[in-house]
Enquirer: 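Okay, here's the structure, questions in a sec.
Quick note: residue numbers are just sequence positions, from 1.
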Amino acid sequence: MPEAPELEVVKDILANKLVGVTIDAAQVLKPSVMRSLCGDVTQDIVGRTFEGVTRRGKFILLALSGERLISINPMLTGALQYCAPKARVYKRTCLLMKLSDGYELRYIDEKQMGMVYYVSVDQLNEIPRLSEQGPDVLDDFTFDEFKQNLKRFHGEIKGVLTRGRVISGIGNAWSDEILYAAMIYPFKKRKALTDEELRRLYEQSKRVVADAIPAVRERIGEDIHLKARDSLLVHNRGGEPCPRCGNNISQITANKRITSYCRRCQPGMLLKN
């Protein structure tokens with residue numbers, strides 16, 4: 001799942017490439033991911049110009065002329081691809097837009113789990129999950145605001161982080177990295193966290209994501225559909241030595257979700273707290 005570090009890079013690259021470019025044609029190849037609240041997207045979108053690219057948590061928003069928006073929530077397997085027309089069209093390509101600069105913007109999604117909404121500006125609140133997000137992990141919110149947002153939740157801290165209600169943009173992989181950096185057991189209940197642990201979680205959430213962005217940018221270049229996860233310290237590295245203490249990294253898979261952590265640096269018990 002692309003998360004804040006990857007999507008921040010995607011946003012910056014697309015903003016540089018797309019603003020001022022017009023959509024000459026559009027083709028929906030996999031209708032299951034496309035939701036249009038403005039009629040036939042392949043007709044309505046033609047001739048509109050990209051005016052801006054922003055990110056809200058795990059959503060990419062493409063602003064178009066005439067007060068139209070494309071909202072993209074890639075979920076687990078979605079990605080955007082900016083490429084020349086001669087580039088092979090993958091079987092998983094769901095949406096294809098031909099652009100006036102001679103390139104194409106494609107949305108690809110192997111399992112068709114993502115959601116692409118085409119809406120008018122006044123329909124933004126009708127996009128599922130978009131308005132339910134908390135402040136973005138890179139937003140300028142205070143520690144006290146962070147603690148206040150956390151009070152509503154009582155489950156395991158990793159699950160709280162990935163829900164996106166306290167801070168948005170964090171998913172399964174980067175929550176492992178943040179909790180490792182903060183030295184917090186991922187299955188610890190939110191109510192059991194000390195004030196010192198909360199402070200570390202607040203600080204490391206911002207630091208880990210901010211530090212990851214240059215590494216992601218260097219690895220993917222302009223191939224925004226690629227994943228760049230080789231710089232992760234613990235996630236999906238079960239059995240490898242912990243970079244901090246050398247102990248083997250533990251890995252648990254539950255509900256098809258991997259959780260990786262160091263038992264020595266992040267002590268805790270599954271049936272405790």
Side-chain angles (χ1 to χ4, degrees), residues 1-12 14-15 33-37 52-64 67-80 107 109 113-179 182 184 186 190 193 198 201-213 216 224 235 255 257 259:
M1 175 190 289
E3 302 174 31
E6 296 92 355
L7 291 175
E8 188 70 12
V9 173
V10 170
K11 178 208 73 175
D12 290 345
L14 289 182
V33 306
M34 191 76 221
R35 286 90 165 165
S36 176
L37 304 184
V53 181
T54 55
R55 180 182 65 82
R56 288 196 195 177
K58 298 176 191 174
F59 288 73
I60 291 289
L61 301 177
L62 308 175
L64 298 172
E67 298 191 331
R68 292 286 194 267
L69 280 163
I70 303 172
S71 166
I72 301 166
N73 180 4
M75 300 293 285
L76 289 175
T77 57
L80 284 160
Y107 175 71
D109 195 333
M113 298 176 68
M115 296 185 293
V116 179
Y117 271 80
Y118 181 64
V119 302
S120 61
V121 172
D122 59 3
Q123 294 171 320
L124 200 59
N125 290 334
E126 298 182 41
I127 299 173
R129 305 181 187 180
L130 181 60
S131 61
E132 299 172 1
Q133 298 186 113
D136 188 83
V137 64
L138 294 178
D139 283 350
D140 187 21
F141 54 90
T142 67
F143 177 53
D144 287 339
E145 290 170 335
F146 174 70
K147 288 199 299 183
Q148 187 63 37
N149 285 341
L150 269 174
K151 286 182 178 179
R152 297 177 292 157
F153 303 96
H154 307 285
E156 296 169 347
I157 189 58
K158 176 171 179 175
V160 172
L161 281 180
T162 57
R163 286 182 67 181
R165 301 290 184 88
V166 177
I167 50 176
S168 60
I170 302 303
N172 193 48
W174 290 101
S175 62
D176 280 354
E177 298 297 296
I178 289 167
L179 291 168
I184 296 172
R190 192 280 303 167
L193 293 174
L198 290 173
L201 184 59
Y202 167 76
E203 293 174 349
Q204 294 302 326
S205 295
K206 293 174 174 289
R207 186 198 65 77
V208 167
V209 171
D211 287 354
I213 291 170
V216 172
I224 58 175
H235 180 74
N255 298 321
R257 185 174 75 172
T259 294

Enquirer: Side-chain polar contacts of residues 143-153 - donor-acceptor pairs under 3.5 angstrom, sequence neighbours left out - could you list them?
Expert:
{"from": "Glu145", "atom 1": "OE1", "to": "Thr142", "atom 2": "N", "distance (Å)": "2.8"}
{"from": "Glu145", "atom 1": "OE1", "to": "Thr142", "atom 2": "OG1", "distance (Å)": "3.4"}
{"from": "Lys147", "atom 1": "NZ", "to": "Asp195", "atom 2": "OD1", "distance (Å)": "3.1"}

Enquirer: Just wondering, are more than 12 heavy atoms of other shown residues or ligands nearer than 6.0 Å to CZ in Arg56?
Expert: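 Open.
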
Enquirer: Counting only heavy atoms not in Arg35, do more than 12 fall under 6.0 Å of its CZ?
Expert: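 Counting other residues, nucleotides and ligands, CZ of Arg35 exceeds 12 neighbours.
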
Enquirer: If you count heavy atoms of other groups shown closer than 6.0 angstrom to CD of Glu126, is the number above 12?
Expert: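 Atom CD in Glu126 is packed in, count exceeds 12.
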
Enquirer: Does this structure show an ion pair linking Arg129 with Glu132, if we count only N-O contacts that are shorter than 4.0 Å?
Expert: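 So Arg129 does not pair with Glu132 through a salt bridge.
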
Enquirer: Can you tell me if Glu3 uses its side chain to pair, donor with acceptor, with the backbone of Trp174 under 3.5 Å?
Expert: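 Looks like yes, one N/O pair under 3.5 Å.
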
Enquirer: Can you tell me if Asn172 uses its side chain to pair, donor with acceptor, with the backbone of Arg257 under 3.5 Å?
Expert: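 Side chain of Asn172 to backbone of Arg257, a donor-acceptor pair under 3.5 Å: no, none is there.
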
Enquirer: Rounded to the nearest 0.5 Å, what separates atom CG in Leu179 from atom CD1 in Ile184?
Expert: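 Separation between the atoms: 6.0 Å.
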
Enquirer: Check whether Thr77 reaches the backbone of Asp109 with its side chain - one donor and one acceptor, N or O, closer than 3.5 Å.
Expert: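 Side chain of Thr77 to backbone of Asp109: no pair is present.
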
Enquirer: Hey, is the main chain of Leu138 close enough, under 3.5 Å, to the side chain of Asp136 for a donor-acceptor pair?
Expert: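 Side chain of Asp136 to backbone of Leu138: a pair is present.
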
Enquirer: Could you tell me whether a side-chain N or O of Arg55 sits under 3.5 Å from a main-chain N or O of Gly57, the two making a donor and an acceptor?
Expert: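 It does hold such a pair.
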
Enquirer: Taking Ser205 for its side chain and Leu201 for its backbone only, find out whether a donor-acceptor pair lies under 3.5 Å.
Expert: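 Yes: the side chain of Ser205 pairs with the backbone of Leu201.
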
Enquirer: Donor-acceptor check, side chain of Lys58 to backbone of Ile170, threshold 3.5 angstrom: yes or no?
Expert: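 Yes: the side chain of Lys58 pairs with the backbone of Ile170.
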
